[in-house]
Amino acid sequence: MSFDMLYDKDVTTNYLQGMTVAFVGYGAQGHAQANNLRDSGFHVIVGVRPGPSFEAAKKDGFEVYSVAEAAQKADWVQMLTPDELMADVYNKDVAPNLETGNVLGFSHGFNVHYKEIVAPKDVDVVMMAPKGPGNLCRRTYKEGFGVPALYATYQDFSGHAEDLAKEFAKANGAARAGLLKTTFKEETDEDLFGEQNVLMGGVTALIETGFEVLVEAGYSPELAYFECEHEMKLICDLIYEGGFAKMYKDCSNTSEYGSYVQGPKVVNESSKEAMRQGLRDIQDGTFAKEFMADYRNGFKKLYAYREEMEQSQLQKVGDQLREKMPFVKSADKYSD
Ligand code: NDP
Ligand code: MG
């Protein structure tokens, strides 16, 4: 393999020791990282606006400040607001409070890579990007493990920015699962590509289209839901555990044969070309520009797409069926 995973024993420096770390944002990632770092013995404070996150962080026993105050008190400012408004928060409340030698940390490269945020030359700019949702990062940490993470350095003022990024990942429990080195550009490109083409955009389009074909052909929407959406998780779990081989091994020969024959007809050369174009749009900044323009326009397009999704027959049928299956619901809360 061309890359080396790092583990706890490989991260031996101590530059993070004694630093005050401010988490700007206490949502999915902020909640997980702040609690993990505190449990690892570091001095953690939280900077958020008044509201639910502020209350949650207080309830979890953190010192909670305005973003500006937290940035002023901190040696390390970890930016964990939604990506689209991060540059606004940074410019208004963080930038004026950065001091020489501070560390500016991220969990996604978007703002730095696309130059929405341009840090001063006299700070370190690093990334620790967990490869999993916040709740899982927190839960696995508490179970004595962690979620693997990427680390990267964009700007090395101190001369040990990379060590700091690795220590931060270790403090999050991520080095128990494995750390991989990357760059802001690589992480941004791959993350956006994956979510748009495979994990979210690709999967939802596949589920939706399959559902529509069955329903339009006269099959019951309820059965179509089970067939195309509900079972997706069961199949994904098997793939996660042992790749396609394990998934096929646990399924019938009929299903395996049919999937080899039909799969490449559904996701075909034209789908691949659409993915290539999507990748180019990410690489040259077209997607980022479009997304930020929609944000600055009040997210008109995002909210219209969301409305359409919420009103779809698939969502409604699924909601009704999930209502009868309380076991599929997971707790969604960002309080510890
Ligand atoms: P969330 O939406 O879950 O949380 C955002 C936090 O920012 C909330 O605490 C919110 O507080 C706060 N916030 C919103 N607006 C402001 C504001 N104007 N001023 C101050 N605070 C504000 O975000 P995520 O945790 O999902 O994402 C954070 C970063 O982590 C992003 O860069 C994302 O790409 C990255 N990431 C996320 C992952 C995930 O698990 N979701 C996985 C890997 C990376 P309030 O309650 O007041 O709105
Ligand atoms: Mg992502």
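Whatever order the structure lists ligands and atoms in, that order sets their numbers, starting from 1. Here, residue 1 is the first one in the sequence, and each next residue gets the next number.
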Quiz item: When rounded to the nearest 0.5 angstrom, what distance separates OH in Tyr303 from CG in Asp294?
Solution: 9.0 Å
Quiz item: Salt bridge between Arg139 and Glu143, side-chain N to carboxylate O under 4.0 Å?
Solution: yes
Practice problem: Would you kindly say whether Tyr257 and Ser252 are connected by a side-chain donor-acceptor distance under 3.5 Å? | Solution: no
Self-check item: Where ligand 1 meets His108 - atom numbers and elements under 4.0 angstrom, heavy-atom basis
Solution: 32 (O), 34 (O)
Exercise. Would you indicate which of Lys92, Gln29, Met127 comes nearest to atom 36 (N) of ligand 1 when only heavy atoms are counted?
Key: Gln29
Exercise. For Gly134, take its heavy atoms, then give the atoms of ligand 1 lying under 4.0 Å from any of them.
Key: 40 (O)
Self-check item: Polar atom proximity, Pro130 to ligand 1 (N or O, under 3.5 Å)
Solution: no
Exercise. Answer with side chain, backbone, both or neither: which part of Met79 has a heavy atom less than 4.0 angstrom from an atom of ligand 1?
Key: neither
Practice problem: Answer yes or no for Gly51: is there a heavy-atom contact with ligand 1 below 4.0 Å? | Solution: no
Self-check item: Pro133: numbered ligand 1 atoms lying under 4.0 Å from its heavy atoms
Solution: 40 (O)
Quiz item: Has Ala129 got any heavy atom lying under 4.0 angstrom from an atom of ligand 1?
Solution: no
Quiz prompt | Atom pair OG1/CD of Thr188 and Glu186 - distance to nearest 0.5 Å | solution = 10.0 Å
Practice problem: Give me the ring orientation class for His160 and Tyr15: parallel if the planes are under 30° apart, tilted from 30 to 60°, perpendicular past 60°. | Solution: parallel
Quiz item: At under 4.0 Å between heavy atoms, which part of Asp88 makes contact with ligand 1: side chain, backbone, both or neither?
Solution: neither
Quiz prompt | Nitrogen or oxygen atoms of Val48 and ligand 1 under 3.5 Å apart | solution = no
Self-check item: Lys131 touching ligand 1 at heavy-atom level, < 4.0 angstrom
Solution: no
Exercise. Could you list which atoms of ligand 1 come closer than 4.0 Å to a heavy atom of Leu85?
Key: 15 (N), 16 (C)
Quiz item: Pick from Asp191, Ile117, Leu192: which one makes a side chain to side chain contact (heavy atoms under 4.5 Å, CB included) with Phe110?
Solution: Leu192
Quiz item: Quick one: side chain to side chain contact (heavy atoms under 4.5 Å, CB included) partners of Phe54, sequence neighbours excluded?
Solution: Val48, Lys58, Val64
Quiz prompt | Residue Pro82 vicinity, atoms of ligand 1 by number, heavy atom under 4.0 Å | solution = 2 (O), 5 (C), 7 (O), 14 (C)
Quiz item: For ligand 1, is Gly132 a contact, meaning one of its heavy atoms is under 4.0 Å away?
Solution: yes
Quiz item: What atoms of ligand 1 come within less than 4.0 Å of a heavy atom belonging to Met86?
Solution: 32 (O)
Quiz item: For atom 20 (C) of ligand 1, which candidate among Val67, Leu136, Asp93, Leu150 holds the nearest heavy atom?
Solution: Val67
Exercise. Run down the list Ser107, Pro52, Cys137, Ala70 and name the one with the heavy atom closest to atom 35 (C) of ligand 1.
Key: Ser107
Quiz item: Which of these, Ala56, Gly109, Ser53, has its nearest heavy atom closest to atom 10 (C) of ligand 1?
Solution: Ser53
Practice problem: Return yes or no for this condition: an N or O of Tyr26 is under 3.5 Å from an N or O of ligand 1. | Solution: yes
Exercise. With heavy atoms under 4.0 Å as the rule, classify the contact between Leu80 and ligand 1 as side chain, backbone, both or neither.
Key: both
Quiz item: What's the spacing between Tyr225 OH and Leu314 CG if we round to 0.5 Å?
Solution: 8.0 Å
Quiz item: Should the pair Lys316-Glu310 be classified as a salt bridge under the 4.0 Å nitrogen-to-oxygen rule?
Solution: no
Quiz item: Looking at Lys185 and Asp189, does any basic side-chain N land under 4.0 Å from a carboxylate oxygen?
Solution: yes
Quiz item: At a 4.0 Å threshold, what atoms of ligand 1 neighbour a non-hydrogen atom of Val89?
Solution: 17 (C), 18 (N), 19 (N)
Practice problem: Please name all residues satisfying side chain to side chain contact (heavy atoms under 4.5 Å, CB included) with Val198, sequence neighbours left out, ordered by chain then number. | Solution: none
Quiz item: Should the pair Arg276-Glu273 be classified as a salt bridge under the 4.0 Å nitrogen-to-oxygen rule?
Solution: yes
Quiz prompt | Ring geometry between Phe168 and Trp76 (parallel below 30°, tilted from 30 to 60°, perpendicular above 60°) | solution = parallel
Quiz item: Quick check: does Arg49 get an N/O under 3.5 Å from an N/O on ligand 1?
Solution: yes
